[in-house]
Amino acid sequence: MRRRLDGATAVVTGATSGIGLATSRLLADHGCRVVLVGRDQVALRRAARQTGGVECLVDLTSPDAADTVVRAAGGQVDLLVNNAGVGWAGPLEAMPADQLGSLVEINLVAPLRLTRAVLPRMLARGDGHLVLVSSIAGYMGVAGEAVYAATKAGLRAFADSLRLEAADRGIGVSLIVPGAVDTNFFRRRGQPYSRRLPRMASADAVAREVLHAVQRDTAEVFVPRWLRLPARLRGAVPRAVDVLQRRLG
Ligand SMILES: NC(=O)c1ccc[n+]([C@@H]2O[C@H](COP(=O)([O-])OP(=O)(O)OC[C@H]3O[C@@H](n4cnc5c(N)ncnc54)[C@H](OP(=O)(O)O)[C@@H]3O)[C@@H](O)[C@H]2O)c1
């Protein structure tokens, strides 16, 4: 059965840029009332103009962020896209402790809190969909991105557990697993993308996969799709894949 989006209230975090902005536009095109969450006031206003959506200016690491978002949505959220996130690249021992804390807060704690805040109403109605934007780093591990990878693996475990917990109560849970995406992500983290593979996908391509995952209630989507193979191999033969990863950089 395809989930109807027309008239649904969708909250998208990180809606000011990249994957979140592309997803917000697509959801608006499909009839959703989009609640756009971000910190950049100018970009948020622009996104609201483009989508006809509701602005929710909030730092998701603040303690009352989840309440602020639910209030902006008017209480009821039909679809939550937990997308906001940041990267950090470098050896673990060089990572400042405060940056470690804020990376975990924004990438992992904030989606957990926000999901916890919207879930009771979804369960009461027996209907709702949760999207978590993870990363291939959460499957494979990436040298120089240990904390980032840990946050994204955390989202995966959260999604798997929540799906078991809530599936037969009408709640869909989709994990989106992008490889590299052409957004501001790399500029923000201060280190450009340098690998040959996977090639960069566009934010629009990821947004389309988010839409399909929601419509079809797909548990897990890799972008590009072939990334599913190394991810599965990593689970089956971890040592061999570690050796391969080290060789390929
Ligand atoms: N780009 C990639 O290669 C890639 C690959 C795999 C997974 N991902 C994941 O995809 C998601 C979206 O990233 P992107 O590539 O679209 O990057 P992006 O263009 O840099 O967008 C990041 C978004 O997160 C928001 N954000 C960051 N910190 C926030 C905070 N404390 N409170 C509220 N919003 C915050 C930003 O909003 P403001 O600017 O308004 O603060 C921005 O809208 C992230 O979770 C990222 O880990 C990206």
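Every value quoted in this text rests on a predicted model; they were computed, and no experiment measured them. In each ligand, atom 1 is the first atom listed, and ligand 1 is the first ligand listed.
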Could you tell me if [Y] and [X] have a donor-acceptor pair between their side chains, going purely by distance under 3.5 Å?
X    : Y    : value
T218 : H212 : no
T23  : N83  : no
T9   : R33  : yes

Any side-chain heavy-atom pair from [X] and [Y] closer than 4.5 angstrom?
X    : Y    : result
H129 : D217 : yes
Y148 : N107 : yes
D40  : L44  : no
E145 : R189 : yes

Between [options], which one has a non-hydrogen atom sitting closest to [atom]?
atom                    : options             : value
atom 30 (C) of ligand 1 : T16, L57, V81, I106 : I106
atom 12 (C) of ligand 1 : L155, N83, V223     : N83
atom 33 (C) of ligand 1 : T13, V58, V37       : V58

Distance filter under 4.0 Å to [X] heavy atoms, resulting ligand 1 atoms:
X    : value
N184 : 19 (O), 20 (O)
G18  : 16 (O), 19 (O)
V86  : 27 (C), 28 (N)
Y148 : 6 (C), 7 (C), 8 (N), 9 (C), 46 (C), 47 (O)
D59  : 30 (C), 31 (N), 32 (N)
G14  : 23 (C), 24 (O), 25 (C), 42 (C), 43 (O)
D40  : 38 (P), 40 (O)
A180 : 3 (O)

Answer yes if I106 and F185 sit in the same cluster of Ile, Leu, Val, Met, Phe, Trp and Tyr residues linked by side chain heavy atoms under 4.5 Å apart, and no otherwise. yes
Please report which non-hydrogen protein atom sits nearest to [atom], along with the residue it belongs to and the distance in Å to one decimal place.
atom                    : answer
atom 26 (N) of ligand 1 : A84 CB, 3.9 Å
atom 22 (C) of ligand 1 : G85 O, 3.6 Å
atom 28 (N) of ligand 1 : R39 NH2, 3.3 Å
atom 20 (O) of ligand 1 : R188 NE, 2.6 Å
atom 21 (O) of ligand 1 : S17 OG, 3.6 Å
atom 6 (C) of ligand 1  : G179 O, 3.5 Å
atom 3 (O) of ligand 1  : V181 N, 2.7 Å
atom 17 (O) of ligand 1 : T183 OG1, 3.5 Å

Relative to ligand 1, is [X] under 4.0 angstrom through side chain, backbone, both or neither, heavy atoms considered?
X    : result
S134 : backbone
I19  : both
M200 : neither

Is there a ring-ring contact (aromatic ring centres under 6.0 Å, His included) between F222 and Y139 once you walk through the steps? CA-CA 11 Å; F222 290 80; Y139 264 92; 5.2 Å; yes
If a pair satisfies salt bridge (Lys or Arg N to Asp or Glu O under 4.0 Å) and one of its residues is in residues 50-68, list it, with sequence neighbours excluded. R45-E55
Give a yes/no on ligand 1: does K152 have at least one heavy atom closer than 4.0 angstrom to it?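 Heavy atoms of K152 do come under 4.0 Å of ligand 1.
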Does ligand 1 have an atom under 4.0 Å from some heavy atom of A22? no
Atom pair CZ/CD1 of R163 and I171 - distance to nearest 0.5 Å: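 Atom-to-atom, R163:CZ and I171:CD1 are 13.0 Å apart.
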So is there a nitrogen or oxygen of [X] less than 3.5 Å from a nitrogen or oxygen in ligand 1?
X    : result
T61  : no
F186 : no
P178 : no

I'd like to know if [X] pairs up with [Y] as an ion pair, taking the criterion as any Lys NZ or Arg NE/NH1/NH2 lying under 4.0 Å from an Asp or Glu carboxylate oxygen.
X    : Y    : value
E165 : R116 : no
R113 : E105 : yes
R225 : E209 : yes

Results of salt bridge (Lys or Arg N to Asp or Glu O under 4.0 Å) for R234 - residues two or more places apart only: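 Per chain and number, R234 pairs via salt bridge (Lys or Arg N to Asp or Glu O under 4.0 Å) with D242.
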Does Q41 CD have over 12 foreign heavy atoms under 6.0 Å away?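 Count not over threshold, so no.
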